[in-house]
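Naming: A, B, ... by sequence-line order, numbering from 1 per chain.
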There are 2 protein chains.
Amino acid sequence: MAPQTRMTKQRKVILEELRKVTSHPTADEVYDMVRQRLPRISLGTIYRNLDVLAESGEILKLESAGNQKRFDGNPMPHAHIRCTRCGRVGDVMNVGIEVPLDGMDVYGFTVTSARIEFDGICDACQSTN
Amino acid sequence: MAPQTRMTKQRKVILEELRKVTSHPTADEVYDMVRQRLPRISLGTIYRNLDVLAESGEILKLESAGNQKRFDGNPMPHAHIRCTRCGRVGDVMNVGIEVPLDGMDVYGFTVTSARIEFDGICDACQSTN
DNA sequence: TTTAATGCAAACCCTTTGCATGAAC
DNA sequence: GTTCATGCAAAGGGTTTGCATTAAA
């Protein structure tokens, strides 16, 4: 079965620091935050714990988007769906939803555009259960 | 002023190959496609041209999401806005839009979720014009 | 002829991993 | 005592860059 997890000092501090802020820090920013309390922690431990915590749903890992950039020969704006298993991307046509930006005001930002992103499982991954 | 651009053989073939497919290829996949017609092209040229073409709007570079992953101590699903200049991420509260997934059918995929993503310029970048 | 673009290779950045050691449980 | 997690350092994957050379315009 899946191995159990242990609430180590490191994992606890990482979670606490992350809960303190709303800045959506990167892994190295978390590293800087946590190092002030645990100076000997390693970056590898940060990465491993962020993954564990995201896996268990205690934190959110943003950009479900894959690591590699992808390109589209069709420059017309349209929605995309990404396979959460393999990263494959497909087009989503006829999304009958428009996000109104007029008067949209987000604290600390000037909104320029919005889009809908879909997640899913592609047929190839589906059959490779 | 901005330097002019030249329609090189390489750039032309990259654009043509990208227009041929709907697979949203990664840079190395474009490399493989193009290499069949221009065997001596380099991966660096692929990257440089994909950027030029995206800049000029002839193609789309997906995942406006940044390169680094970001983490959120608040695991409640909520929308995010990303600064297209510096990558900073903020929360978007009270987005009064729900994307209905029931009956949603996308060719080649089983849809599992959807979210709205906002792009913008953060105040810090705004003032650093 | 001028200068943007190329090919090549090295450098870069972020992330992951192997391994011996340490600490939850 | 068992085994999951750590620290460290090296390796990995994707992308960018410096430089001499080539080729658009």
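A 4.5 Å side-chain heavy-atom check between A:S56 and A:T5 finds every atom pair outside the cut-off. Looking at heavy atoms from C-beta onward, B:R35 lies in side-chain contact with B:D32 at the 4.5 angstrom threshold.
The stretch residues 12-28 of chain A does not touch DNA chain D, since none of its heavy atoms comes less than 4.0 Å from the strand. Against DNA chain C, the stretch residues 42-52 of chain B makes heavy-atom approaches under 4.0 Å through B:S42, B:T45, B:R48, B:N49.
In the model, B:T84 has no side-chain atom that pairs as donor or acceptor with a side-chain atom of B:D119 under 3.5 Å.
Ring geometry for A:H24 against B:H78 counts as tilted: the plane angle lies between 30° and 60°, on a 0 to 90° scale.
Screening A:L38, A:I59, A:I46, A:V52 against A:I14 for a side-chain contact (heavy atoms from CB on, under 4.5 Å) leaves a single residue, A:I46.
Under 4.0 angstrom from either OP1 or OP2 of C:dA23 there lies no side-chain N or O belonging to A:R6. Considering only side-chain N and O atoms, B:Q10 lies nowhere under 4.0 angstrom from the phosphate OP1 or OP2 of D:dA23. Between A:Q4 and the phosphate of C:dA24, there is no side-chain N or O to OP1/OP2 separation shorter than 4.0 Å. Taking side-chain N and O atoms only, A:T5 has no distance below 4.0 Å to OP1 or OP2 of D:dC4. At the phosphate of C:dA4, neither OP1 nor OP2 sits under 4.0 Å from any side-chain N or O atom of B:T8.
For the pair A:E117 and A:R115, the salt-bridge criterion is met [side-chain N within less than 4.0 Å of a carboxylate O]. Ion pairing of A:D51 with A:R48 is absent here, as no side-chain N (NZ or NE/NH1/NH2) approaches a carboxylate O to less than 4.0 Å. For the pair B:E16 and B:R19, the salt-bridge criterion is not met [side-chain N within less than 4.0 Å of a carboxylate O].
Between its two ends, the helix from C:dT1-D:dA25 to C:dC25-D:dG1 turns its axis by 40°, counting five pairs per end and rounding to 10 degrees.
If you take CD of A:Q68 and P of D:dT16, they are 12 Å apart, rounded to a whole angstrom. Going from atom CZ of B:R37 over to atom P of C:dT6 covers 15 Å, rounded to whole Å.
Here the straight-line distance linking atom CZ of B:F118 with atom CZ of A:F109 works out to 12.0 Å at 0.5 Å rounding.
Minimum heavy-atom separation, B:E29 to A:R70: OE1-NH1, 3.8 Å.
Of the possible donor and acceptor atoms, none in the side chain of B:R88 sits under 3.5 Å from a partner among the backbone N and O of B:I121.
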